[in-house]
**Q** 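Take this structure first; my questions come after.
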Amino acid sequence: MTSLTWTRRRASAARFWRQYRRQRAGAYGLGALALIALVALTAPLLVGGDVRSVTDAPGTALEAPSGRFPLGTDQFGRSLLGLLLWGARVSLAVGLLAAALSVAIGTLIGILAGHYGGWFATLAMRVTDWFLVMPSLVLAIVLATVMSRSVWTVVLAIGITSWPTTARLVRAQTIAVESRPYIERAKALGGGHGHIMSRHVLPNVMPLVLSQTTLCISTAILTEATLAFLGLGDPTVVSWGGMLQDAREAGAVSSGHWWYLAPPGIAIAVVALAFTLCGRAIESVLNPKLGAGR
């Protein structure tokens, strides 16, 4: 039985990949993400950890792009290309971790509210509504302000404030799944709450959770960049948002040093767009009724 189960899963994964490859926008987005992830993982080998050093900067402050420094230098004389490659590690890590935390909280609350219903669902949805009407960025700023400035603080601030949309989607899907006949059969055969939620509901909501995760990652990366730009990130690490904040402090906007602003801004936009394209493609494959274009 186990061998048959894994055979079916492999066939399902292969079928999903064939359908995903037909989504041209999703394929481009996945290719861009693969390249950026490879650069982030190999950044220590490509540029080394000393690229972040202020005292041993190889250049002078705010040098224009040249053969030696393809993207110019920052206010301390550090190579912006090296900082951009190194910053990809932090920006991607924060986006992935924050999105995972957000989706995990939303999935848990959505399944519990959809399964149990009653007063618990009413209370959970009222809390969810409160988070929905409150601007998530404002809540994240408040949390990042009152807590210590670190990467984990940013992850918590984003994850704790951006789960309501996932919770509502998962609750609606849970209610739809539990209305199906096989759920009644499982209950009649003695299946408990944990069995129903873990063996029947969760596998059926996972496609929705997967597509929601890819969309949440792009939002998390943008929020991280915003918090870092406002000076609420960890000042000891290099991220794309932190580079924009350093450029603002150095007066790059007013002095016309465009090479200080453009690279991290473009990198953030490209990653956010790539994750969005992947999310839309996954939605189109898992739910053909959406009729998303290729």
Side-chain angles (χ1 to χ4, degrees), residues 27-100 149-152 154-155 158 214 217-250 252-253 257-278:
Y28 294 149
L30 184 61
L33 289 179
L35 177 60
I36 295 171
L38 178 63
V39 169
L41 291 174
T42 58
L45 301 177
L46 296 175
V47 298
D50 56 348
V51 70
R52 299 170 294 173
S53 176
V54 176
T55 56
D56 297 329
T60 57
L62 300 175
E63 289 187 35
S66 61
R68 184 184 180 192
F69 301 109
L71 297 181
T73 63
D74 68 353
Q75 58 184 326
F76 303 110
R78 299 177 296 181
S79 171
L80 284 176
L81 177 59
L83 293 176
L84 188 72
L85 298 181
W86 194 270
R89 297 168 62 87
V90 175
S91 295
L92 288 179
V94 170
L96 291 171
L97 292 174
R149 294 174 62 184
S150 67
V151 171
W152 294 110
V154 174
V155 170
I158 298 173
T214 57
I217 292 174
S218 62
T219 303
I221 291 175
L222 291 172
T223 304
E224 184 277 331
T226 303
L227 293 176
F229 180 75
L230 295 175
L232 299 176
D234 189 345
T236 62
V237 300
V238 177
S239 68
W240 292 336
M243 292 176 65
L244 290 175
Q245 199 264 346
D246 290 340
R248 181 182 63 84
E249 288 186 346
V253 178
H257 296 132
W258 58 268
W259 61 87
Y260 204 165
L261 291 167
I266 293 174
I268 293 170
V270 168
V271 171
L273 177 61
F275 273 112
T276 301
L277 292 177
C278 290

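For the single chain, residues carry numbers from 1 onward in sequence order. Scope of the values below: all heavy atoms of this structure, side chains included, with no hydrogens, waters or symmetry mates.
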**Q** Rounded to the nearest 0.5 Å, how far apart are CZ of Phe76 and CG of Leu83?
**A**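 Here the interatomic distance stands at 10.0 Å.
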
**Q** By the side-chain hydrogen bond (donor to acceptor under 3.5 Å, both in side chains) test, which pairs, at least two apart or in different chains, include something from residues 260-273?
**A**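 Output for this query is empty, none listed.
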
**Q** Which residues pass the side-chain contact (heavy atoms from CB on, under 4.5 Å) test with Pro65, sequence neighbours left out?
**A**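 Testing Pro65 for side-chain contact (heavy atoms from CB on, under 4.5 Å), a comparison that skips the adjacent residues, returns Trp258, Trp259.
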
**Q** Side-chain contact test, heavy atoms from C-beta onward, threshold under 4.5 Å: evaluate it for Ile268 versus Leu244 and give yes or no.
**A**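 SC-SC contact between Ile268 and Leu244 confirmed.
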
**Q** My understanding is that only residues two or more places apart in sequence, or in another chain, count here; which of them pass side chain to side chain donor-acceptor pair (under 3.5 Å) with Ser150?
**A**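 Testing Ser150 for side chain to side chain donor-acceptor pair (under 3.5 Å), a comparison that skips the adjacent residues, returns Thr153.
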
**Q** Under the side chain to side chain donor-acceptor pair (under 3.5 Å) rule, collect the residues that match up with Thr42, sequence neighbours excluded.
**A**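 Here no residue qualifies.
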
**Q** Heavy atoms only: give me the nearest Pro44-Leu41 pair and the separation to one decimal.
**A**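 Closest pair (atom of Pro44, atom of Leu41, distance): CD-O, 3.6 Å.
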
**Q** Hey, are the side chains of Pro58 and Phe69 touching, using non-hydrogen atoms and a 4.5 Å cut-off?
**A**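 In contact.
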
**Q** Could you state the interatomic distance from CG (Leu80) to CG (Asp246), rounded to the nearest 0.5 Å?
**A**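 Answer rounded to 0.5 Å: 10.0 Å.
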
**Q** Would you name the heavy atoms of Gly82 and Val47 that are closest together and state the gap between them?
**A**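 Taking Gly82 first and Val47 second, the nearest heavy atoms are CA-CG1, 3.7 Å.
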
**Q** Under the side-chain contact (heavy atoms from CB on, under 4.5 Å) rule, collect the residues that match up with Ile266, sequence neighbours excluded.
**A**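 Residues passing side-chain contact (heavy atoms from CB on, under 4.5 Å) with Ile266: Ala262, Val270.
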
**Q** Taking only residues two or more places apart in sequence, or in another chain, which ones meet Ser239 in a side chain to side chain donor-acceptor pair (under 3.5 Å)?
**A**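 Side chain to side chain donor-acceptor pair (under 3.5 Å) list for Ser239, sorted by chain: Glu224.
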
**Q** What are the two closest heavy atoms between Val154 and Gly233, and how far apart are they?
**A**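 Closest pair (atom of Val154, atom of Gly233, distance): CG2-CA, 4.2 Å.
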
**Q** Atom CG in Leu81, atom CG in Leu46: separation rounded to 0.5 Å?
**A**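 Taking CG in Leu81 and CG in Leu46, the distance rounds to 9.0 Å.
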
**Q** Throw together a table of side-chain donor-acceptor distances under 3.5 angstrom for residues 84-97, partners on residues two or more places apart or in other chains.
**A**
residue, atom, partner, partner atom, Å
Arg89, NH1, Ala40, O, 2.9
Ser91, OG, Gly87, O, 3.3
Ser91, OG, Trp240, N, 3.2

**Q** Which pair of non-hydrogen atoms, one from Ser218 and one from Ala272, has the smallest distance, and what is that distance?
**A**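 Ser218 and Ala272 have their closest heavy atoms at CB-O, 3.4 Å.
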
**Q** Using side-chain contact (heavy atoms from CB on, under 4.5 Å) as the criterion, list what pairs up with Pro235, not counting sequence neighbours.
**A**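 side-chain contact (heavy atoms from CB on, under 4.5 Å) check on Pro235 returns Arg149.
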
**Q** Does any part of the side chain of Ile158, heavy atoms only, come nearer than 4.5 Å to the side chain of Leu227, both counted from C-beta?
**A**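 Yes - at least one pair of side-chain heavy atoms lies under 4.5 Å apart.
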
**Q** Distance from Glu63 atom CD to His257 atom NE2, nearest 0.5 Å?
**A**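 Spacing of CD (Glu63) from NE2 (His257) equals 11.0 Å.
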
**Q** Please identify each residue that fulfils side-chain contact (heavy atoms from CB on, under 4.5 Å) with Thr214, with sequence neighbours left out.
**A**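 For Thr214 the side-chain contact (heavy atoms from CB on, under 4.5 Å) partners, ignoring immediate neighbours, are Ile282.
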
**Q** Restricting to side chain to side chain donor-acceptor pair (under 3.5 Å), what partner residues turn up for Asp234, sequence neighbours left out?
**A**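 Checked Asp234 against side chain to side chain donor-acceptor pair (under 3.5 Å); matches are Thr236.
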
**Q** Taking only residues at least two apart or on different chains, which pairs with a member in residues 75-84 satisfy side-chain hydrogen bond (donor to acceptor under 3.5 Å, both in side chains)?
**A**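 Of all non-adjacent pairs touching residues 75-84, those that pass side-chain hydrogen bond (donor to acceptor under 3.5 Å, both in side chains) are Asp74-Arg78.
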
**Q** Under 4.5 Å between any side-chain heavy atoms of Leu33 and Cys278, yes or no?
**A**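 The answer is yes, as the side chains (C-beta and beyond) meet within the 4.5 Å cut-off.
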
